[in-house]
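Since the model is a prediction, treat every value here as computed from it, not as a measurement. Counting starts at 1 for both ligands and their atoms, in listed order. Numbers here simply count residues along the sequence, with the first being 1. Just so you know, these numbers use all the heavy atoms, side chains as well, and skip hydrogens, waters and symmetry mates.
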Amino acid sequence: MVVLGIESTAHTASVGIVDEEAKVLALASDMHRPTAGGIHPREAANHHVELLPGLVAKALEDGHVRPKEIDAVAFAQGPGLGPCLRAGATVARMLSLAWNRPLVPVNHCVAHVEIARVLSGLTDPILLYASGGNTQVIAYFRGRYRVLGETLDIGIGNFLDKLWIGLGGTFPGGPALELEARRGSELHPLPYSVHGMDVAFSGMLTAALALRAKGVPRTELAYSVEVTAYSMLTEITERAVAHRRRNEVVLGGGVACNERLRGMVREMIEGRGGTTFAPPRSLCVDNGAMIAWTGHLALEEGLVAAVEESAVQPRQRTDLVLTPWRERNGTSRPAPTVPLLASPA
Ligand code: ATP
Ligand code: FE2
């Protein structure tokens, strides 16, 4: 079985082709990068409309896959920016009709989680999903993924992006801030906002920009923000691990590319005698392969949609969708051999 997956929830248009053993046969992506400010949904959607047909062709060519070898077409149904979601859904519907193959809607957050889980080989880990729009600590329980804790305001990645733009940089901020922070060593106090299992970042954004205005060097700010924000994420992850008595953590989402975050979570979990895993970077950030893989899992359960039932759902939360495959094969699927905490792709 081979599934083609289309991702278009926000800044990235991506097409992945994945087989039934979670082998990525092809991945073709392109990120919309505004020259100034954040993402404008209409501009990002125009980018996706322009690029997706070429990315489909490239993925088929790179993977040496012919259209008739594709068994289903999966797409990210939500959550995300409406115009961007519709661009990907339209291409997916068209391919499904043209190739006469089932159309499989997939939740973007669950897809981040599932690609990380299958690559990790860990069967029932706690999941730290840290991306631009989302920051959630997740555990599976009775038929769906439950959000144990999350951001009360903005996603960690959006916070890093806004901060970097406020410091004079361009989108995306996370990777640039990581490089900047590597040279820092002085910790400036910033609001540490943990509320039970939840976190908040807007106070830290205001405080960091105020420190910059007072002349604190960008490098020291980047370092202080990373240490403070990733400590908050590590703390809520540890709380989830302790409560659920699961000594396994999997990271997913674009911010899981960050070496400091990976290291802090690893130190925490190894201190408790457990293990952690983060996918290669190309599969942490938004990508079509995670949509294709989750499409496989959904397809096995018959979770396909007629075109007229495939409307996008910009606010579809992680805990809204059912994941029946977790009951059936959640503990039995063999995992490919990938080293724990894989180094950058
Ligand atoms: P979601 O809908 O899941 O919230 P998203 O649209 O934010 O997805 P992702 O590709 O999952 O997209 O994550 C992008 C975010 O990851 C951006 O905010 C970016 O700054 C951040 N990011 C990418 N690499 C790094 C890094 N090395 N360190 C910190 N943040 C990073
Ligand atoms: Fe994402």
Side-chain angles (χ1 to χ4, degrees), residues 5-14 16 27 29-34 38-39 41 44-45 47-48 76-82 84-85 88 106-116 127-136 138 145 147 150-151 154-167 169-182 201 205 222-223 225-230 233 251-265 278-291 294 312-318 343-345:
I6 296 181
E7 159 61 33
S8 74
T9 56
H11 41 73
T12 298
S14 176
L27 179 60
S29 306
D30 194 282
M31 188 198 254
H32 168 60
R33 291 170 191 270
I39 298 170
H47 164 271
H48 301 346
Q77 187 176 33
L81 304 169
C84 297
L85 288 168
V106 164
N107 177 279
H108 174 91
C109 311
V110 169
H112 273 295
V113 163
E114 288 299 357
I115 194 75
L127 306 135
L128 174 60
Y129 165 37
S131 65
N134 291 281
T135 308
Q136 298 180 335
I138 298 167
Y145 284 104
V147 178
E150 64 186 315
T151 178
I154 51 177
I156 171 100
N158 285 358
F159 157 62
L160 300 172
D161 296 335
K162 276 177 205 260
L163 176 66
W164 188 243
I165 290 167
L167 295 176
T170 54
F171 177 88
L177 211 74
E178 174 167 31
L179 294 179
E180 190 82 32
R182 279 192 197 153
F201 297 108
L205 177 61
Y223 172 76
V225 161
E226 278 210 343
V227 169
T228 310
Y230 298 151
L233 295 190
L251 281 73
V255 183
C257 291
N258 188 282
E259 285 299 331
R260 190 185 308 275
L261 176 61
R262 291 177 180 214
M264 286 169 84
V265 171
R281 289 176 185 207
S282 58
L283 298 177
C284 277
V285 296
D286 287 355
N287 67 87
M290 70 183 191
I291 305 296
T294 311
V312 301
Q313 297 191 25
R315 294 182 182 278
Q316 187 183 60
R317 275 178 58 86
T318 311
S343 48

Next on the checklist: Could you identify the N, O or S atom of H112 positioned closest to the Fe ion (ligand 2)?
Outcome noted: NE2
Next on the checklist: For atom 28 (N) of ligand 1, what is the closest protein heavy atom, and at what distance to 0.1 Å?
Outcome noted: N258 ND2, 3.1 Å
Next on the checklist: Just to confirm my output: which protein heavy-atom neighbour is closest to atom 27 (N) of ligand 1, and how far is it?
Outcome noted: E178 OE1, 2.8 Å
Checklist entry - Parallel under 30°, tilted from 30 to 60°, perpendicular over 60°: which one fits the rings of H32 and H47? => result tilted
Item to check | Residue selection (non-hydrogen contact nearest atom 15 (C) of ligand 1) among G132, G253, G252 | outcome: G132
Item to check | Step-by-step side chain to side chain contact (heavy atoms under 4.5 Å, CB included) determination, T135 to F201 | outcome: CA-CA 10 Å; T135 308; F201 297 108; 4.3 Å; yes
Item to check | Nearest protein heavy atom with distance in Å, relative to atom 14 (C) of ligand 1 | outcome: H11 NE2, 3.8 Å
Checklist entry - Among protein heavy atoms, which lies nearest atom 3 (O) of ligand 1, and at what distance? => result Y129 OH, 2.4 Å
Next on the checklist: With a cutoff of 4.0 Å, is F171 in contact with ligand 1, counting heavy atoms of the residue only?
Outcome noted: no
Checklist entry - Taking the side chain from N107 and the backbone from Q316, do they hold a donor-acceptor pair closer than 3.5 Å? => result yes
Next on the checklist: So, taking the atom named CG in L27 and the one named CE in M290, what distance separates them when rounded to the nearest 0.5 Å?
Outcome noted: 10.5 Å
Checklist entry - Applying a 4.0 Å heavy-atom criterion (strictly less than), which segment of E259 is in contact with ligand 1: side chain, backbone, both, or neither? => result neither
Checklist entry - Hey, is D161 touching ligand 1 through its side chain, its backbone, both or neither, going by heavy atoms under 4.0 Å? => result side chain
Checklist entry - Is G80 in contact with ligand 1, taking contact as a heavy-atom separation below 4.0 Å? => result no
Checklist outcome for this item: Counting from 1 in the order shown, the ligand 1 atoms closer than 4.0 Å to a non-hydrogen atom of G133 are 4 (O), 7 (O)
Checklist entry - At the Fe ion (ligand 2), what angle lies between atom OD1 of D286 and atom NE2 of H108, rounded to 10 degrees? => result 100°
Checklist entry - Do E259 and R281 meet the salt-bridge criterion of a basic N to acidic O distance under 4.0 Å? => result yes
Item to check | Option of least heavy-atom distance to atom 4 (O) of ligand 1 (set: S131, A256, C284, G254) | outcome: S131
Item to check | Those atoms of ligand 1 less than 4.0 Å from some heavy atom in H108 | outcome: 1 (P), 2 (O), 3 (O), 8 (O)
Item to check | Distance-only polar pair, side chains of D286 and H112, donor-acceptor under 3.5 Å | outcome: yes
Checklist entry - Atoms of ligand 1 less than 4.0 Å from V285 heavy atoms? => result 10 (O)
Checklist entry - How far is atom 21 (C) of ligand 1 from its nearest protein heavy atom, and which residue and atom name does that atom have? => result V255 CG2, 3.9 Å
Checklist entry - Between CG of L160 and CD of E226, what distance do you get to the nearest 0.5 Å? => result 7.0 Å
Checklist entry - Counting each atom of ligand 1 from 1 as listed, which ones have a heavy atom of G174 under 4.0 Å away? => result 20 (O), 25 (C), 26 (C), 28 (N), 29 (C), 30 (N), 31 (C)
Checklist entry - Which atoms from ligand 1 have a heavy atom of H112 less than 4.0 Å away? => result 3 (O), 11 (O)
Checklist entry - Counting from 1, what ligand 1 atoms have a heavy atom of G157 closer than 4.0 Å? => result 18 (O)
Checklist entry - Of all the atoms in ligand 1, which lie at a distance below 4.0 Å from a heavy atom belonging to A10? => result 6 (O)
Checklist entry - Tell me, which protein residue and heavy-atom name are nearest atom 9 (P) of ligand 1, and how many Å apart are they? => result D286 OD1, 3.2 Å
Checklist entry - F159 near ligand 1, heavy-atom distance under 4.0 Å? => result no
Item to check | D161 side chain vs G173 backbone, donor-acceptor pair below 3.5 Å | outcome: yes
Checklist outcome for this item: Per side chain to side chain contact (heavy atoms under 4.5 Å, CB included), H11 is matched among L81, V285, I39 by I39
Checklist entry - Counting from 1, what ligand 1 atoms have a heavy atom of Y230 closer than 4.0 Å? => result 29 (C)
